[in-house]
K.L.:
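Got a structure for you, written out below as structure tokens; questions coming shortly.
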Number of protein chains: 2
Amino acid sequence: MPYTYEHPHPAVTVDGVVFGYDEADLKVLLIQREQTPYRSRWALPGGFVGIDEGLEDAARRELEEETGITRLYLEQLYTFGAPKRDPRERIISVAYYALVKLADHAVRAASDAKNVAWFPVADFPSLAFDHEEILDVALRRLKAKIRYEPIGFELLPEKFPLSELQRLYETIIEQPLDKRNFRKKILSMGLLADTEEIQQDVAHRAARLYRFDEPAYRRLKKAGFNFEL
Amino acid sequence: MPYTYEHPHPAVTVDGVVFGYDEADLKVLLIQREQTPYRSRWALPGGFVGIDEGLEDAARRELEEETGITRLYLEQLYTFGAPKRDPRERIISVAYYALVKLADHAVRAASDAKNVAWFPVADFPSLAFDHEEILDVALRRLKAKIRYEPIGFELLPEKFPLSELQRLYETIIEQPLDKRNFRKKILSMGLLADTEEIQQDVAHRAARLYRFDEPAYRRLKKAGFNFEL
DNA sequence: TCAAAAGTGTTAACCATACACCCATGC
DNA sequence: GCATGGGTGTATGGTTAACACTTTTGA
């Protein structure tokens with residue numbers, strides 16, 4: 001049961017910053033802690049890395065265990081290791097950030113036994129440990145990355161109208177975009193496939209639905225194409 | 001002496017990818033291992049993180065201990081934690097990359113007791129552990145980052161002619177640049193201060209020497225300026 | 001006087017921006 | 001018929017890209 005080493009070893013955890021988006025807001029998934037320290041504070045989902053477990057594997061496992069979310073875009077963010085970041089012992093945390101299609105996951109997370117909830121990134125409670133710093137780094141990464149990698153689609157449903165894509169971008173980069181220029185640019189890239197479907201049950205003219213054309217993106221990328229804004 | 005934990009803990013190390021540049025090549029600093037495993041193989045400098053030591057502190061300490069290099073640009077790169085990356089025990093490595101002004105450091109590293117040497121990144125020996133992968137990630141990061149952050153100057157001497165800066169960029173991004181356009185662009189940014197000095201001991205017309213104007217950069221950045229290429 | 005690199009401007013193509021109205025639909 | 005958002009084109013200014021010759025210096 002006890003594990004002994006000649007030199008002291010830190011503990012290693014993974015923490016996940018899970019972003020979701022609904023028509024109004026960019027949101028982040030938080031869990032309310034049940035144990036000390038920071039009991040009842042909200043925190044990023046995460047946990048210890050198994051001794052024979054890869055880092056990304058650990059991140060996926062923790063997210064699935066704690067939130068039920070299973071298929072998501074996941075990328076390593078940064079490693080946080082300030083000596084006193086956890087009051088119990090030295091814990092080094094490898095942080096990941098994830099993008100999920102909120103519509104598909106909102107219910108499961110909310111109905112879980114644990115206290116799990118989505119908070120708007122513009123308005124969230126005080127967090128445990130250094131998790132506010134981690135969230136801040138994740139947000140900055142997302143803002144920067146969404147401009148030069150087509151990852152925005154990971155936050156939208158499979159099929160979406162252009163206006164929703166535009167709103168997503170406007171929300172994340174925090175500035176308005178010109179509708180005509182946005183459409184011109186994004187359509188001219190050849191990354192969107194017209195699904196030939198339109199919105200249902202809207203109280204106005206229904207918009208065409210597009211989907212992200214992954215194979216086309218791969219082809220273009222190989223040919224030297226660079227996504228931008 | 002022995003340290004005991006209820007659950008198994010991985011060891012945590014830092015490894016450093018130190019880049020330097022001379023008029024011909026982008027180079028990386030390697031150390032020849034004296035112990036098993038991978039005895040006598042070349043490897044990235046690095047070592048264990050002290051239990052009360054910050055990650056970046058550990059990286060700086062290791063680089064100083066192993067190579068004598070003390071003032072450098074240092075940034076966290078990525079964390080590598082595949083379960084079998086070290087044959088002895090589970091070791092998670094937080095990798096950093098560093099940029100140094102080679103001219104100032106070439107001698108010290110080479111004259112150290114340990115077997116330390118600079119290798120061109122285009123032609124280096126087989127490396128220990130997963131260090132080739134780490135180097136590869138570092139190179140890609142450098143190539144990407146040098147285009148949108150003015151970090152190239154960290155690789156040049158304090159004072160340099162424009163042609164040297166251009167050669168540096170051409171070397172790192174691996175494509176030729178037009179001389180007139182390069183000068184126009186870089187000078188129009190207002191980041192270079194004319195030192196009013198010129199090259200000495202050259203067998204042709206001596207070039208003006210510039211230096212990177214750090215305060216000017218900070219001012220511009222605050223005003224929303226974005227360095228690019 | 002030759003070799004080697006420094007230094008310098010103009011033009012054309014392209015791209016980003018700004019901007020306003022009509023259309024389709026459901027209520 | 002009205003409210004709501006969908007969908008569309010053009011003109012201008014700025015930015016990038018292509019391109020070649022003269023100057024300076026030391027050997």
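Order of the sequence lines fixes the chain letters, A, B, ..., with proteins taken first and strands second; residue numbering starts at 1 for each chain.
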K.L.:
May I have the distance from B/Tyr210 (atom OH) to C/dG7 (atom P), rounded to whole angstrom?
P.N.:
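Rounding to the nearest Å, OH of B/Tyr210 and P of C/dG7 are 6 Å apart.
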K.L.:
Excluding sequence neighbours, so at least two apart, what forms salt bridge (Lys or Arg N to Asp or Glu O under 4.0 Å) with B/Glu170?
P.N.:
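By the salt bridge (Lys or Arg N to Asp or Glu O under 4.0 Å) rule, B/Glu170 matches no residue at all.
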K.L.:
Please list residues of residues 162-169 of chain B whose heavy atoms come under 4.0 Å from any atom in DNA chain C, ordered by number; otherwise none.
P.N.:
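Contacts with DNA chain C under 4.0 Å: B/Ser163.
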K.L.:
May I ask you to check whether B/Phe153 and B/Phe160 place their ring centres under 6.0 Å from each other?
P.N.:
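Ring-ring flag for B/Phe160/B/Phe153: true, centres closer than 6.0 Å.
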K.L.:
Regarding A/Glu56 and A/Tyr96, is there a side-chain donor-to-acceptor distance under 3.5 Å anywhere?
P.N.:
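No, no side-chain donor-acceptor contact under 3.5 Å.
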K.L.:
Checking all strands, does A/Arg208 fall into the base, sugar-phosphate, or nothing category for heavy-atom contacts under 4.0 angstrom?
P.N.:
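Touches sugar-phosphate only.
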K.L.:
So if I define the base as every atom that isn't primed, P, OP1 or OP2, how would nucleotides 17-27 of chain C read as a B/S/- string at a heavy-atom cutoff under 4.0 Å?
P.N.:
BBBB--BBBS-
K.L.:
Side-chain donor-acceptor contacts of residues 23-31 of chain A below 3.5 Å, not counting sequence neighbours, with atom names and distances?
P.N.:
from    : atom 1 : to      : atom 2 : distance (Å)
A/Lys27 : NZ     : A/Asp22 : OD2    : 2.8

K.L.:
Kindly state whether the ring of B/Tyr78 and the ring of B/Phe80 have centres lying under 6.0 angstrom apart.
P.N.:
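Close enough - the centres of the two rings lie under 6.0 Å apart.
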K.L.:
Distance alone, cut at 3.5 Å: any donor-acceptor contact between the side chains of A/Ser40 and A/Arg33?
P.N.:
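Distance-only check fails for A/Ser40 and A/Arg33.
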K.L.:
Would you grab the first and last nucleotide of DNA chain D (5' to 3') that comes under 4.0 Å of any non-hydrogen atom in chain A?
P.N.:
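With heavy atoms of chain A under 4.0 Å away, the range is D/dT4 to D/dT10.
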K.L.:
Whole angstrom is fine here: how far is it from CG in A/Leu177 over to C1' in C/dA16?
P.N.:
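About 13 Å, once rounded to whole Å.
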K.L.:
What is the distance from CD of B/Gln199 to P of C/dA6, rounded to the nearest Å?
P.N.:
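To the nearest whole Å, that distance equals 6 Å.
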K.L.:
Rounded to the nearest 0.5 Å, how far does CZ of B/Phe182 lie from CG of B/Leu165?
P.N.:
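Reported to 0.5 Å precision, the distance equals 4.0 Å.
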K.L.:
My understanding is that only residues two or more places apart in sequence, or in another chain, count here; which of them pass salt bridge (Lys or Arg N to Asp or Glu O under 4.0 Å) with A/Arg183?
P.N.:
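Residues passing salt bridge (Lys or Arg N to Asp or Glu O under 4.0 Å) with A/Arg183: none at all.
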K.L.:
Side chain of B/Gln200, backbone of B/Ile198: donor and acceptor closer than 3.5 Å?
P.N.:
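Yes, B/Gln200 side chain to B/Ile198 backbone: donor-acceptor pair under 3.5 Å.
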K.L.:
Using salt bridge (Lys or Arg N to Asp or Glu O under 4.0 Å), reason through B/Lys143 and B/Glu174 one step at a time and then give a plain yes or no.
P.N.:
CA-CA 9 Å; B/Lys143 272 184 205 176; B/Glu174 294 180 291; 2.5 Å; yes
